[in-house]
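What follows is one structure encoded as structure tokens, with my remarks underneath.
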Amino acid sequence: MAKPALQKWVVEKCLRENPAPFQQNGASFTWAGDTRVKSKQSGRVYPVHVEIHVEADKRTENQLSACLCRTEGVRLEDLQIAHMVSTRLHGKVHIAGLPQSDIEVDFNKFVKSIAEEKDA
């Protein structure tokens, strides 16, 4: 399992390089993007694919749509705002292509690890 700092860096880089809004299907929000990551140890370049999937409830669907379906693309801060709207969101952050193995993290745990890293 990659460290939370690496996960955050990969997702942030991918969001920056793929400025697209989340796709909304009812109360379900999905985003996917690709980037390339260079290993500091080996110098090899890995193609990385990131997918973020979030399930909203009827009460928070419109609020999440406002921050995740922005036409100019989504930032890491928008994921934190979505988490503030509802701290009980169901979702996953899936990172594929890193050397060790694919990573799948709960959306809430991912966002909390970002906040903890900024506080440190």
Side-chain angles (χ1 to χ4, degrees):
M1 177 74 89
K3 293 180 181 176
L6 176 65
Q7 294 173 15
K8 174 194 176 256
W9 180 79
V10 169
V11 170
E12 188 172 33
K13 183 176 191 285
C14 202
L15 286 169
R16 197 173 44 248
E17 291 178 2
N18 300 279
F22 273 66
Q23 300 298 314
Q24 183 177 3
N25 186 5
S28 175
F29 298 88
T30 307
W31 182 90
D34 296 301
T35 189
R36 298 168 63 83
V37 177
K38 184 175 181 179
S39 170
K40 289 181 181 178
Q41 293 175 338
S42 67
R44 291 184 59 194
V45 176
Y46 298 95
V48 177
H49 180 74
V50 176
E51 287 184 28
I52 303 172
H53 180 77
V54 180
E55 291 284 335
D57 55 23
K58 290 291 180 193
R59 184 181 62 82
T60 59
E61 183 179 337
N62 291 334
Q63 294 166 321
L64 288 180
S65 178
C67 67
L68 296 179
C69 297
R70 299 170 16 140
T71 55
E72 63 271 10
V74 178
R75 306 164 302 168
L76 206 58
E77 292 82 10
D78 295 322
L79 299 180
Q80 291 176 306
I81 292 168
H83 178 70
M84 287 182 216
V85 168
S86 175
T87 57
R88 295 186 179 151
L89 289 174
H90 297 287
K92 297 265 186 245
V93 176
H94 184 82
I95 304 171
L98 292 175
Q100 291 95 11
S101 64
D102 291 357
I103 301 167
E104 189 164 290
V105 184
D106 180 67
F107 179 78
N108 292 321
K109 287 182 182 178
F110 176 75
V111 174
K112 284 179 184 175
S113 71
I114 294 169
E116 289 171 0
E117 186 178 306
K118 284 188 176 182
D119 292 341

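Note that the coordinates shown come from a computational prediction; the quantities given were computed from them, not determined experimentally. For the single chain, residues carry numbers from 1 onward in sequence order. Side chains are part of it too, since the values below use all heavy atoms of this structure and drop only hydrogens, waters and symmetry mates.
- Phe107 is not connected to Met84 by any chain of hydrophobic side-chain contacts under 4.5 Å among Ile, Leu, Val, Met, Phe, Trp and Tyr, and they are in different clusters.
- From Leu15, atom CG reaches atom CD1 of Ile52 across 5.0 Å, with rounding to the nearest 0.5 Å.
- Rounding to the nearest 0.5 Å gives a distance of 5.5 Å between CD of Gln80 and CD1 of Ile114.
- Scanning all heavy atoms of the two residues, the minimum distance from Arg70 to Arg75 falls at NH1-NH2, 3.6 Å.
- Around atom NZ of Lys112, no more than 12 heavy atoms belonging to other residues, nucleotides or ligands sit under 6.0 Å away.
- Here the CG atom belonging to Leu79 is positioned 11.5 Å from the NZ atom belonging to Lys8, to the nearest 0.5 angstrom.
- Residues Gln7 and Val93 form no side-chain contact, since every pair of their non-hydrogen atoms from C-beta on lies 4.5 Å or further apart.
- In this structure, His90 places its NE2 atom where only 12 or fewer heavy-atom neighbours from other residues, nucleotides or ligands lie under 6.0 Å away.
- How far CH2 of Trp31 is from NE2 of His53: 15.0 Å, rounded to the nearest 0.5 Å.
- With hydrogens and angles ignored, the 3.5 Å screen pairs no side-chain donor or acceptor of Lys58 with any backbone N or O of Ala27.
- Here CG of Asn25 is found 9.0 Å from CD of Glu55. Values are rounded to the nearest 0.5 Å.
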If you look only at distance, which donor and acceptor atoms sit under 3.5 Å apart when one is on a side chain in residues 59-69 and the other is two or more places apart or in another chain?
| unit_1 | atom_1 | unit_2 | atom_2 | d |
| --- | --- | --- | --- | --- |
| Thr60 | OG1 | Asp57 | OD1 | 2.7 |
| Glu61 | OE2 | Gln24 | NE2 | 3.3 |
| Ser65 | OG | Gln24 | OE1 | 3.1 |

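- Side chains of Phe110 and Ile103 form no contact here, defined as non-hydrogen atoms less than 4.5 Å apart.
- Nearest heavy-atom pair, Asn108 versus Leu89, reported as atom, atom and distance to 0.1 Å: ND2-O, 2.7 Å.
- One finds the CD atom of Glu51 at 11.0 Å from the CD1 atom of Ile95 (value rounded to the nearest 0.5 Å).
- With hydrogens and angles ignored, the 3.5 Å screen pairs a side-chain donor or acceptor of Asn18 with a backbone N or O of Asp34.
- Val48 and Leu76 fall within the same hydrophobic cluster, defined by Ile, Leu, Val, Met, Phe, Trp and Tyr side-chain heavy atoms under 4.5 Å apart, directly or through other members.
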